[in-house]
Amino acid sequence: MTATVEISDDLLRGPLCHHNGCRGYGDPSRGVVIVGIAPGQDEVGSGRPFSGPSGKLLDAILKAVYWPRQDVYTTNLLCWWKNDPTPADIAGCKDRFVNEIRWAKPKLLICMGNLVYEAITGKEMSGNRGRPTWMPTLGAYVMGTYHPAGFLRGNSQLILDICKDLQKIPMIIGTPDGEWCGWPADGSVSNVRYTVVESAEEAQAVLDGLPRGEDSLVSIDIETNYGEEEIDIFNEEITCLSVCWDHDYTAVIPACYLDDIDWPSGVRWAFQNGMFDVNKLRQRYGVKLAIHEDSLLQSYSLDERGGVHKLEITSGEYCGADHYKEQFRYNKRRGVATNSLLYEYNAKDTAYTRRLVPCFENLQRKDNVYQLYKDLFIPLANVFADISYQGVKVDQDKIAELALEWLPRWLASEEQLVSMANEYGWPGRINLNSPAQLIKLLFGVLSLRMPNRYARQKPSTKVEVLELMDHPFIDALLDFRQLDHMVTNYLIGIKDQIKLDGRVHPAVLIHGSRTGRPSYRNPPVQTIPQPYSVGAELSRIKEIFVPDDEQSILLEADYKQIEVFLAAYLSQDPIMQADLESGDFHSSTAADVIARMERDAFLQGLRGKDPLRIKQRFQAKKVTFGNFYRQGADSLARKRVADCTYAEASSMLIRWRARYRIYEEWADSIMRSATERGELVTVTGRKRRFRVVYGDDSAHILRQSVNFPIQGSANDYILTSLLELYEPLSAFGARVLLSVHDSMLFCVPLVALADCAQYIKCVMEKPRFPGWPSIEVELKIGNNWGSMVSYDKT
DNA sequence: TGGACCCGCGCC
DNA sequence: AGGGCGCGGGTCCA
């Protein structure tokens, strides 16, 4: 991060109003002005703003976004050095500053830091960062971003946003090669023209008249009567939809004109988070639109962090939109949202989506993520939309059965604990779900102490702590908590998600994680409890997931130990590879862990549960993954899975690391690579960006960097398999129900079971990428998800 | 009252 | 200071 920029004095410009001040620097003729707060002491010395550490960083970022440093004019609110300037200080320099901006005539004025943004716009930067907005008084677009100094002080995540923001410079200014045409110089960038359709005939005419063909693109967005965020397709009705074509022709069609529409074919549709829209249209009108472009997935391909892909944000950052969504919601809450406000809102959503697609595509090509988006994300969006639409059948009788068994126990257990607490002197009714109250009871009223190895930590009531404590209340509490979790989170949680068709329709979020794992919610089918963890009794919750009909069966296909195999492949560690070939990696390499735990189990018993082989293997697994991802000895010793002292854990780690020395070297090299290159890329082109690893959380970021290639590549396997399988399976009458990280669950007609099983195994096991290993797949079948047995049809 | 945050816990 | 998620609940604050 040491970009050098020639300092030529003839670029020092701008007026001064203080002695020993610091002039502006650079060429304002291309229309970009960057404003800082005040020159640092060294910058007063050099006479040039942004020439200290912050400036070096700014130079490097500009270089990274291909905008010449000399084509930016930099200056400061204050032209003289002052720490923490007061409003009076700023006022004292104001005339000079205003004259300087008038002279520079920027098209885009970038404010570095909240103080500058507030001084210029009169608004807080929070909620407005990275959103260029037109200021008529300046005749310029004004954008606030973080000051590089904030990053230098230790917040390394800021840099990602600063980079994204400065990357907008060419988009707004325009480039000579025409790659970016630039925003209009009159501030009209966010204007949206639209018409509201007034008859069914007109609606049909609009749809029939939409452009078709490879180069065309039509965005579409529906509004429903309830949801703002995600659409519950079974409980909400469409109020209107709109289509936008050729940049700025938007038509809003009220729902009353949609009933008998003949939907056009051959249109290339663009959505913002299209899975929900296509499913609602499919449910309501029986039309199945294909997702050709999706501005949310584009945004995710460019920035894997969460929370930045909502149209509310991207339209403001890349289309100059104001907070129209916030305003509309506000009106809606107050009950003054008229139909015409709704139509305007809908038109903006659709128009901005249409504008985002080519804009993002440009950025995607620069960042080399276009293929990832086109070949992986878009096909996945269509497949996951279908998965979600079809849903998974649930056995409602089984739910009732479990409820009858569990609810009385659940309630009785709670009452027992409440009265126990009263006996101990707790006033009133203790809330067992409140960690704060439990801490007061255990460590206050009962005067218990945290176990020794947690003595230095703040009070906690998590299982790994409570298991080390000996008290009748705690024993009962642990049982209650587990049952409570099963009942509220799963039994009731899943039941509440059942729709009228007797099925759950989990939403799949392609953009749900930074590593590329899809996430499922409503209900969260990836977290359904397993027997080894909660025991055979409570894990019966899995039994409620059943095949579509009696002629079908569930088939589950698991990649065996995929993360371990990929770790061995990526690191090329010969010992690890040999251990893998010799059989079960977890039992061979973590043998000493198991030996320890067997001894301990023998000595004290594992909280009344049988020290089963399967549990031990699971624990060894935890140790292995802890080692993969650089878990410390301290935490390993504390985890209830490896019940050992710090010294023992520490020597275990040392042995593990000595054995897999090559893996350790690889992990180090990955961390270096993340630091030096600023990003890691998997074989499908999926990225995790780090930019600069700096500051307090650097250790955390480094661990993430080791995790990413392994977890990310495992995803590449499962997701590309899923895509390859999805269509062909329909020929068997079979389909994918869901995926759980390294496995997929299918519903298969009994008559096609053998063929499907063979086909699925064959597709999943073939080498997915040139040179990459083939991973063995294990098959299981069952009449419900809770009683799957291994299926050997070899 | 609604939103942000943490806790605790399920999965891989 | 293992990584990656979602959810229910509590708590705190505006």
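Everything quoted here is computed from the prediction, not taken from an experiment. Here is how names work: the chains are called A, B, and so on, in the same order as the sequence lines, proteins then strands, and each is numbered from 1.
Separating the CD1 atom of A/Ile474 from the P atom of B/dG8 is a distance of 13 Å, rounded to the nearest angstrom. In this entry the distance linking CG of A/Asn627 with P of C/dG3 reads 14 Å, nearest Å. Look at OH on A/Tyr454: it is 15 Å from C1' on B/dC7, rounded to the nearest Å. Straight-line distance from the CZ atom of A/Phe628 to the C1' atom of C/dA1: 20 Å, rounded to whole Å. Taking atom CG of A/Asn715 as the reference point, atom C1' of C/dG3 lies 12 Å away to the nearest angstrom. Atom CD of A/Glu464 and atom C1' of B/dG8 are 11 Å apart (whole Å). Atom CD in A/Glu556 sits about 12 Å away from atom C1' in B/dC12, given to the nearest Å. Between the CZ atom of A/Arg481 and the C1' atom of B/dC7 there is a distance of 9 Å, given to the nearest Å.
Atom CG of A/Leu738 is separated from atom CD of A/Glu556 by 8.5 Å, given to the nearest 0.5 angstrom. Between the CG atom in A/Leu719 and the CE atom in A/Met744 there is a gap of 8.5 Å [rounded to 0.5 Å]. We find the CE-OG distance between A/Met764 and A/Ser774 to be 10.5 Å, quoted to the nearest 0.5 Å.
Checking the phosphate oxygens (OP1, OP2) of B/dC12, no side-chain nitrogen or oxygen of A/Gln561 falls inside 4.0 Å. Note on A/Gln704: a side-chain N or O is less than 4.0 Å away from OP1 or OP2 of C/dG4. Using a 4.0 Å cut-off, some side-chain N or O of A/His700 falls inside it from OP1 or OP2 of C/dG3. Considering only side-chain N and O atoms, A/Arg703 lies nowhere under 4.0 angstrom from the phosphate OP1 or OP2 of C/dG4.
Using a cut-off of 4.0 Å between Lys/Arg side-chain N and Asp/Glu carboxylate O, A/Glu312 and A/Lys325 are scored as not salt-bridged. Taking a cutoff of 4.0 Å between a charged side-chain nitrogen and a carboxylate oxygen, A/Asp668 and A/Arg630 qualify as a salt bridge. Using a 4.0 Å cut-off between charged nitrogen and carboxylate oxygen, A/Arg517 and A/Asp742 do not count as a salt-bridge pair. Of the charged side-chain nitrogens involved, none lies within less than 4.0 Å of a carboxylate oxygen, so that A/Glu467 and A/Lys462 do not count as a salt-bridged pair. A salt bridge is defined here as a Lys NZ or Arg NE, NH1 or NH2 lying under 4.0 Å from an Asp or Glu carboxylate O, and A/Arg409 with A/Glu537 meets this definition.
In this structure, A/Ile710 reaches neither bases nor backbone, as no heavy-atom distance under 4.0 Å exists between it and the strands shown. Residue-level contact check: A/Glu563 touches neither bases nor backbone, having no heavy atom under 4.0 Å from any strand. Here A/Ser743 lies out of heavy-atom contact (under 4.0 Å) with every strand. Residue A/Asp484 is classed as having no contact, given no heavy-atom separation below 4.0 Å to the nucleic acid.
Residues passing the side chain to side chain contact (heavy atoms under 4.5 Å, CB included) test with A/Asn489, sequence neighbours excluded: A/His485. With sequence neighbours excluded, no residue forms a ring pair (Phe, Tyr, Trp, His ring centres under 6.0 Å) with A/His323.
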Restricting to nitrogen or oxygen on both sides, can you table the protein-nucleotides 5-7 of chain C pairs closer than 3.5 Å?
unit_1	atom_1	unit_2	atom_2	d
C/dC5	OP1	A/Arg514	N	2.8
C/dG6	OP1	A/Ser519	OG	3.0
C/dC7	OP1	A/Asn522	N	3.0
C/dC7	OP1	A/Asn522	OD1	3.1

Using nucleotides 2-6 of chain B, report all nitrogen or oxygen pairs with the protein that are shorter than 3.5 Å.
none

With 3.5 Å as the limit, what N/O pairs link the protein to nucleotides 12-14 of chain C?
none

(request) Kindly determine whether A/Met450 and A/Val465 satisfy side chain to side chain contact (heavy atoms under 4.5 Å, CB included), including the steps that lead there. (result) CA-CA 7 Å; A/Met450 289 277 281; A/Val465 170; 3.9 Å; yes
(message) A/Lys780 vs A/Val789, test: side chain to side chain contact (heavy atoms under 4.5 Å, CB included). Steps then yes/no.
(response) CA-CA 5 Å; A/Lys780 290 182 197 140; A/Val789 294; over 6 Å; no
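For CZ of A/Phe234, the number of neighbouring non-hydrogen atoms (other residues, nucleotides, ligands) closer than 6.0 Å is greater than 12. Within a 6.0 Å sphere centred on CZ of A/Arg677, other residues, nucleotides and ligands contribute 12 heavy atoms or fewer.
Residues of residues 430-438 of chain A that place a heavy atom closer than 4.0 Å to DNA chain C, in numerical order, are A/Asn431, A/Asn433, A/Ser434, A/Gln437.
Of the candidates B/dG10, C/dG3, B/dC9, the closest approach to any side-chain atom of A/Met486 belongs to B/dG10.
Taking the ring centroids of A/Tyr663 and A/Phe628, they lie under the 6.0 Å cut-off.
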